[in-house]
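Worksheet for the structure shown next.
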Number of protein chains: 4
Amino acid sequence: MSPRTEEQLIKHKAEKRKVITQAALKLFSEEGFQSTSISKIAKEAGVSKGLIYTYFESKEELLRFLILDTIDEMFGIAEVSLGINPTDESFEKMISDYFDWVQINRAFLQIYFGILMQPSVMKLFEKEIMAKAYNVFERMSVYFKNKGFEDPLSETRFFISILDGIYMNYIMDSENYPLAKAKSRILTMYLK
Amino acid sequence: MSPRTEEQLIKHKAEKRKVITQAALKLFSEEGFQSTSISKIAKEAGVSKGLIYTYFESKEELLRFLILDTIDEMFGIAEVSLGINPTDESFEKMISDYFDWVQINRAFLQIYFGILMQPSVMKLFEKEIMAKAYNVFERMSVYFKNKGFEDPLSETRFFISILDGIYMNYIMDSENYPLAKAKSRILTMYLK
Amino acid sequence: MSPRTEEQLIKHKAEKRKVITQAALKLFSEEGFQSTSISKIAKEAGVSKGLIYTYFESKEELLRFLILDTIDEMFGIAEVSLGINPTDESFEKMISDYFDWVQINRAFLQIYFGILMQPSVMKLFEKEIMAKAYNVFERMSVYFKNKGFEDPLSETRFFISILDGIYMNYIMDSENYPLAKAKSRILTMYLK
Amino acid sequence: MSPRTEEQLIKHKAEKRKVITQAALKLFSEEGFQSTSISKIAKEAGVSKGLIYTYFESKEELLRFLILDTIDEMFGIAEVSLGINPTDESFEKMISDYFDWVQINRAFLQIYFGILMQPSVMKLFEKEIMAKAYNVFERMSVYFKNKGFEDPLSETRFFISILDGIYMNYIMDSENYPLAKAKSRILTMYLK
DNA sequence: GATGAATGAGCGTTCATTCAT
DNA sequence: GATGAATGAACGCTCATTCAT
């Protein structure tokens, strides 16, 4: 048996992290971060408690990894869809992608919105999240500027507020929330 | 000396509850419900740990009291402003009242939104909150129906989503969030 | 209104003590001494927590009063029935009186036997109980000596063990325990 | 290094349970179940408070383990000694075995009798203890029936009451109680 | 790498006791 | 005398984290 190559090791580590992260994601969304113990995560992931500390320095670091990893994906949607010269088509594409993404990532968003509301936990991410968020603000502002809005940044924040509000209400009451209608409504708002 | 009269006791009890509730409100909003210990609340309120249990049966009951008490106020705004025959004026009044209320009750809203995102905590209030929320939905639907919307309930939920999204973003980034602009924007949306 | 005479005060105090003691007796027998709080006793007795401390120095003193008061009665049965020259008639009378007494005082005996088994609680009474018990031993020994037993003290302790054993088993399983048979059995043992 | 084998873990677990159980046995017998804190047990056993919860789910479960484990042994004496066809020899053997067992297991019996007197604690064991006790009743009844007693079950309960009474008095006053005499006295009673 | 026994600080809660009224 | 608000120590229990194996 030859020792694994460095590449294999990295891959192995990434896989293990994924297993643990997925278990944590599920539990955090059901019970909240504070109420979920490392023991429960270990059991859900099918590993020992101690092993979690081989892959993450602490419970907080596990949360950080979980959040930051997925946030890249989330904020990336705007980046990819809008590109440098955002058009109505790319704007519509972005909205569509977001609505799809949200439905797949309900558990994550539940944790994410919960964290946003807790300053003491938010401190763990504040810098990264705010940097990414303001980056997206700028990108979208270009679109709203092109569309002729007087205060494109405020419109951006207004637009994002609408999205956040929709997603939050959808998460809370997924069965009854008229998500499809909300989507077409927002499209109408901006694309006539 | 004779003991205090019943009236004195009731007044005293209400005052003490207020002191404890205020301390809890502050800490819950900063740290979250689960991360705030009864010890911290007692210290913040300037009373002993044990005393809290003279006024509240448990930490959860304290949260319930805190939330349900203020939620009545919050949902009451729509009821009072809209009345039975909602007009554009009363609708505008309601929005204005909400924006005022939110700025005064940031700490509460922070806790409130946090709770909405945690199923395990939400269980404590689900029934009451949902009942009140659906009540407000109906009331607002009347307005949107009068305004000619084809699907007034969906519009209500869309409108409330916008408000929630605005407040959530405001709470997260109060210093930079363009709250006044968001307010005039939403007014324009519905009142021309 | 003239102030009460000293006699009235003493009577009043005795009555209040009785009320509290009766409440405590009931609760101690159901839940045990340690698991019964002063609050519960106060509620059961229909008085305030504070008042209990007007009549008893501490929870332990309340227990002491409860036990020692009734123990006098219990040990007194032997004294009264046997007299100085115990006969078969007085011995039979004593047994009969004890069996009657036990059925009325089940709650007390439950507490009493429980206490006997806890050295740390027993310390509160050890001196008094042991003094009274050894006093009864001597008195009964006279009877067994008269009956011709070689070792009257051992027989006394054996006889008392039988009574204790019967009462303990009766208390544990009152519905099914054949108390009447046990009584006639012990009478047969000693009176042929 | 690889983790311990399952066999090692089981052995280790049994040993640790024993250490904790022994400490609890000592303290429960001295102070009673309710007055003995988990902290004291941990200190006595030389382990941390938290560790006790690795081996027992709760303080009550620790008591249950302690009691039920030893009760099997205690009730087993009758079963083993008497067999299916009890004779005078096996009856004498049983009494002898019980007297030996009692002297070794004073601490246990102290807890056991204490529990029998507290309905709220007794609830934890009622089913198991009563089942075993009635089982022993039946077995002994065979012996008393063979001996010609008219009501063998009542005689059984009377006989067991005597044993219980002796042991209880012995436990309370071990130094002075004439245990050997009590033993020969009860043997004389039944075996002439 | 992987395990789970072990720790100890801290949690929510209870309660005997005190004391201002 | 009588009340019950107030205290603070202690309780049973949990849990993030460490470490011998």
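To find a chain, count down the sequence lines: A is the first, B the second, and so on, and within it residues start at 1.
Using a 4.0 Å heavy-atom criterion, one finds that Tyr55(C) contacts the sugar-phosphate atoms exclusively. In this structure, Lys59(A) reaches the sugar-phosphate backbone alone: every heavy-atom distance under 4.0 Å involves primed, P, OP1 or OP2 atoms, never a base. Within the nucleic acid shown, Ile52(D) has no heavy atom closer than 4.0 Å to any nucleic acid atom.
The distance from atom CD1 of Ile10(D) to atom C1' of dG4(E) is 14 Å, rounded to the nearest whole Å. Put simply, CZ on Arg64(B) is 19 Å from P on dG12(E), counting in whole angstrom units. Summarising the geometry, the separation between CD on Glu61(C) and P on dA16(E) is reported as 15 Å, rounded to the nearest angstrom. What separates CG of Leu62(C) from C1' of dC15(E) is a distance of 15 Å, to the nearest Å. The nearest whole Å value for the distance from the NZ atom in Lys43(B) to the P atom in dG10(E) is 11 Å. Note: CD (Glu15(D)) to P (dA5(E)) measures 13 Å, nearest angstrom. One can place CD1 of Ile20(B) at 15 Å from C1' of dG12(E), the figure rounded to the nearest angstrom. The separation between Leu63(C) atom CG and dA16(E) atom C1' is 14 Å, rounded to whole Å.
Between dT3(E), dA5(F), dC13(F), one nucleotide has an atom nearer to the side chain of Leu51(B) than all others, and that is dA5(F). Relative to the side chain of Lys16(A), the nucleotides dA16(E), dA2(E), dA10(F) differ in distance, and dA2(E) lies closest. Of the listed nucleotides (dG12(F), dT17(E), dA5(F)), dA5(F) has the atom at the smallest distance from the side chain of Thr54(B). Taking only side-chain atoms of Tyr53(B), from C-beta outward, the nucleotide of dG12(E), dG10(E), dG1(F) with the closest atom is dG12(E).
Using bins of under 30°, 30° to 60° and over 60° for the plane-to-plane angle, the ring pair Tyr55(B)/His12(B) lands in the tilted bin.
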What side-chain donor-acceptor pairs closer than 3.5 Å can you find for residues 112-121 of chain B, not counting sequence neighbours?
{"residue": "Gln118(B)", "atom": "OE1", "partner": "Gln34(B)", "partner atom": "NE2", "Å": "2.4"}
{"residue": "Ser120(B)", "atom": "OG", "partner": "Glu31(A)", "partner atom": "O", "Å": "3.2"}

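You'll find the side chain of Thr70(A) stays beyond 4.5 Å of the side chain of Leu25(A), heavy atoms only. At least one side-chain heavy atom of Ile67(A) sits under 4.5 Å from a side-chain heavy atom of Phe108(A). Between Thr54(B) and Lys16(B), every side-chain heavy-atom pair lies at or beyond the 4.5 Å cut-off.
For the pair Lys49(C) and Ser48(D), both in contact range of DNA chain E, the more 5′-proximal nearest nucleotide belongs to Ser48(D). Residue-to-nucleotide proximity on DNA chain F shows that, of Gly50(D) and Gly50(A), the 5′-proximal contact is made by Gly50(D).
Applying the salt bridge (charged side-chain N to carboxylate O under 4.0 Å, His left out) definition to pairs two or more places apart or across chains, those involving residues 39-67 of chain B are Lys26(B)-Glu44(B), Arg64(B)-Glu128(B). Screening residues 32-54 of chain D for ring-ring contact (aromatic ring centres under 6.0 Å, His included) gives Phe28(D)-Phe33(D) as the qualifying pairs, with residues at least two apart or on separate chains.
Annotation: the terminal axes of the helix from dA2(E)-dT21(F) to dT21(E)-dA2(F) meet at 0°, where each axis is the rotation carrying the C1' atoms of four end pairs onto the next four (5 pairs per end, rounded to 10°).
Lys13(A) meets the salt bridge (charged side-chain N to carboxylate O under 4.0 Å, His left out) test with no other residue; sequence neighbours excluded.
Residue His12(D) has a polar side-chain atom (N or O) positioned under 4.0 Å from OP1 or OP2 of dA6(E).
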Show, in sequence, the C-alpha distance, side-chain angles and deciding distance for Leu109(D) and Arg106(D), and conclude whether the side-chain contact (heavy atoms from CB on, under 4.5 Å) test is met.
CA-CA 5 Å; Leu109(D) 270 185; Arg106(D) 265 175 55 195; 5.9 Å; no
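Remark: Thr36(C), Ser37(C), Ile38(C) in residues 21-42 of chain C come within less than 4.0 Å of DNA chain E through at least one heavy atom.
Around CD of Glu15(C), the count of heavy atoms belonging to other residues, nucleotides or ligands within 6.0 Å exceeds 12.
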